[in-house]
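Just so you know, ligand 1 is whichever comes first in the structure, and atom 1 is the first atom listed for that ligand. If you're wondering where the values come from, they're calculated on a predicted model, not measured in any experiment.
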Amino acid sequence: MLHYDIVIIGGGPAGLAAAVSAKQSGVESILVLERDKELGGILNQCIHNGFGLHTFKEELTGPEYAQRFIDQLLEEKIEYKLHTMVMDITSDKVITAMNREEGLFEIEAKTVILAMGCRERSRGALNIPGYRPAGVFSAGTAQRLVNMEGYMPGREVVILGSGDIGLIMARRMTLEGAKVKVVAELLPYSGGLKRNIVQCLDDFDIPLKLSHTVIAVEGKERVEGITLAQVDANRRPIPGTEEHYKCDTLLLSCGLIPENELSRGLGIDMDMVTSGPIVNESLETNVEGIFACGNVLHVHDLVDFVSEEAVAAGRNAAKFVLEGKKEATSKDIPLVATEGARYTVPKTINVDRMEEKQIVRFRVGDVYKNCYSSVYINGERVLHKKRIIMAPGEMEEVILTKELLSSKGDIQEIVVKVEEA
Ligand SMILES: Cc1cc2nc3c(=O)[nH]c(=O)nc-3n(C[C@H](O)[C@H](O)[C@H](O)COP(=O)(O)OP(=O)(O)OC[C@H]3O[C@@H](n4cnc5c(N)ncnc54)[C@H](O)[C@@H]3O)c2cc1C
């Protein structure tokens, strides 16, 4: 059996930043396990620019952004294994992994950082009626085919779902010579970033049809067309609104699901809203010494926030290894997301264990204009941040300080909500 102080599952931006941060916090014995043939995660297929504006104040492509962290990993001489799939983790932190050279092997760790990212919602999960012809792809699969494998999935394209991957692929397919006829979105608002709607649809005159869905896929061998219909407030198709589009390809961009099979297997408590682990202020799960960060914890809009969160996870895991879990005299205070806020990460804060500043991230469930993100402690409003617009596609944050929480005495709960102006 191999032994490491920290084992990180996943070599995407979260795993890389967590590894570098843990090393810089004083832990020498670190191993990153990655099932793919290279480090960098999903960023390797994101060849568009727009990454790193917050972290590096530059517009980088996905691979360029990932490379900055890979370089740091190499400089820090952190060990990693590629082509290595983690099959199981136990609550006493024994990891079972497999690769071609070593076969099935076990590693014992003092702490584990979960950084497995997320995967796309598939057609099976969407209940689209019709045959199963060739030509239906998830947008991320199409992105990999075009950007990494050098294949064009089709020439006449309809995209269902206006998440960021769908928007980015509308532009990519257009630039590669395909005709993107329409992007249809079930909800009355887009799930993607505003900047992607402007740069990927508006700039290329690609129509976005909100409150629309695909009700039929035609073609037996290959997609020959699809039918769109408008939906009502209950997301049911409205008879008489059907429109037919001739196309050979349907791309699906209908949401991302954190990859938490390993987490569930080891008994980690999950958040029903994020589908990620429930974590405390240290990004530690209910299983002591197991931390989570990045898209496996909750789906992020910008990779910069993934890196920032992963740096904290790496630092906290290092502290756990070097100092053990700090005994706290104060209790874990629950964070409650309500009135527009759908969830918070973290879900509890312990004032003794928190750092001077605690970032609390959340998403809203609807589009709100000229509003405030507010925080209440024991019924008293302590933060009131003006927001011109808040949308479900964009992550929100509030920052709580140790000074503030320490000054409030016995705190029953911290409430995060949206307030109209
Ligand atoms: C198509 C697309 C476009 C995007 N565009 C932008 C953009 O323009 N700007 C921006 O800032 N952000 C963008 N993002 C978001 C950003 O890329 C992600 O937030 C970020 O990559 C998440 O990092 P991660 O490390 O959590 O996950 P990933 O990058 O998904 O990495 C997870 C890694 O874990 C590995 N793994 C999973 N399970 C196992 C296992 N059992 N064993 C071993 N390894 C495992 C995977 O192979 C993968 O390499 C985009 C994302 C996508 C998908």
Side-chain angles (χ1 to χ4, degrees), residues 7-19 31-56 58-66 69-70 80-89 95-99 107 112-121 138-144 146-148 161 163-172 192-193 195-196 199-200 251 253 255-263 265-266 276 292-310 313 393-395:
V7 174
I8 299 169
I9 322 295
L16 292 170
L31 176 66
V32 178
L33 298 173
E34 169 55 54
R35 68 183 171 196
D36 211 338
K37 62 177 192 269
E38 56 200 337
L39 296 169
I42 199 77
L43 292 188
N44 288 323
Q45 66 183 63
C46 301
I47 62 170
H48 56 281
N49 62 355
F51 294 84
L53 278 169
H54 294 258
T55 313
F56 298 111
E58 278 179 74
E59 267 206 82
L60 304 171
T61 64
E64 284 170 337
Y65 184 94
F69 285 90
I70 295 170
Y80 61 93
K81 289 180 190 285
L82 299 176
H83 297 289
T84 303
M85 177 83 184
V86 174
M87 316 292 289
D88 185 50
I89 310 171
I95 296 145
T96 307
M98 193 170 82
N99 64 31
I107 309 164
V112 175
I113 302 179
L114 305 172
M116 292 91 74
C118 58
R119 63 167 171 266
E120 295 174 284
R121 190 164 282 132
S138 74
T141 303
Q143 186 179 51
R144 191 175 173 103
V146 174
N147 294 351
M148 293 181 80
D164 287 314
I165 316 178
L167 301 176
I168 301 262
M169 280 314 288
R171 178 175 63 184
R172 169 60 49 207
L193 294 170
R195 75 169 197 221
N196 282 338
Q199 293 171 5
C200 302
L251 299 188
S253 174
L256 299 167
I257 305 171
E259 288 226 28
N260 273 301
E261 284 71 18
L262 290 172
S263 324
L266 73 96
C293 56
N295 276 356
V296 81
L297 179 56
H298 56 143
V299 174
H300 291 65
D301 51 353
L302 295 180
V303 72
D304 305 74
F305 302 143
V306 168
S307 306
E308 193 179 47
E309 187 177 270
E394 311 206 2
M395 190 110 87

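- For the pair Ala14 and ligand 1, the shortest N or O to N or O distance falls below 3.5 Å.
- Here Asn260 contributes atom CG and Arg119 contributes atom CZ; the two are 9.0 Å apart, rounded to the nearest 0.5 Å.
- The shortest N or O to N or O distance between Ile42 and ligand 1 is below 3.5 Å.
- Among Cys118, Gly41, Gly12, Cys46, the residue whose heavy atom sits closest to atom 50 (C) of ligand 1 is Cys46.
- A salt bridge is absent between Arg195 and Glu394: the closest approach of a Lys/Arg side-chain nitrogen to an acidic carboxylate oxygen does not fall below 4.0 angstrom.
- Remark: ligand 1 and Asn295 share an N or O pair separated by less than 3.5 Å (distance only, no angle test).
- Some N or O of Pro13 is nearer than 3.5 Å to an N or O of ligand 1, by distance alone.
- Polar contact with ligand 1: absent for Gln143 (N/O pair, distance under 3.5 Å).
- Side chain of Thr61 to backbone of Ile47: no donor-acceptor contact under 3.5 angstrom is found.
- Of the polar atoms of Val306, none of the N or O atoms is found under 3.5 Å from an N or O of ligand 1, judged by distance alone.
- Relative to atom 30 (O) of ligand 1, the option among Gly117, Gly15, Ala18, Cys200 with the closest non-hydrogen atom is Gly117.
- Remark: of the listed residues Glu120, Arg144, Arg121, Glu120 is the sole one forming a side chain to side chain donor-acceptor pair (under 3.5 Å) with Ser138.
- Listed by atom number, the atoms of ligand 1 under 4.0 Å from Leu33 heavy atoms are 43 (C), 44 (N).
- When His83, Arg35, Lys81 are ranked by how near their heavy atoms come to atom 44 (N) of ligand 1, first place goes to Arg35.
- Considering backbone and side-chain N/O of Gln45, none are found under 3.5 Å from N/O of ligand 1.
- Distance alone, capped at 3.5 Å, is enough to place a donor-acceptor pair between the His300 side chain and the His298 backbone.
- Annotation: Phe56 is not in aromatic contact with Phe51 [ring centroid separation under 6.0 Å not met].
- Nearest to atom 10 (C) of ligand 1 by heavy atom, out of Phe51, Tyr65, Phe305, is Phe51.
- Looking only at heavy atoms of the protein, atom 34 (O) of ligand 1 is closest to Gly10 CA, 3.2 Å.
- Atom 33 (C) of ligand 1 has Glu34 OE1, 3.6 Å as its closest protein atom, hydrogens excluded (heavy atom only).
- Where the criterion is an N or O separation shorter than 3.5 Å, residue side chain and backbone included, Leu302 fails it with respect to ligand 1.
- Checking side-chain atoms of Glu58 against main-chain N and O of Leu60 turns up no donor-acceptor pair under 3.5 Å.
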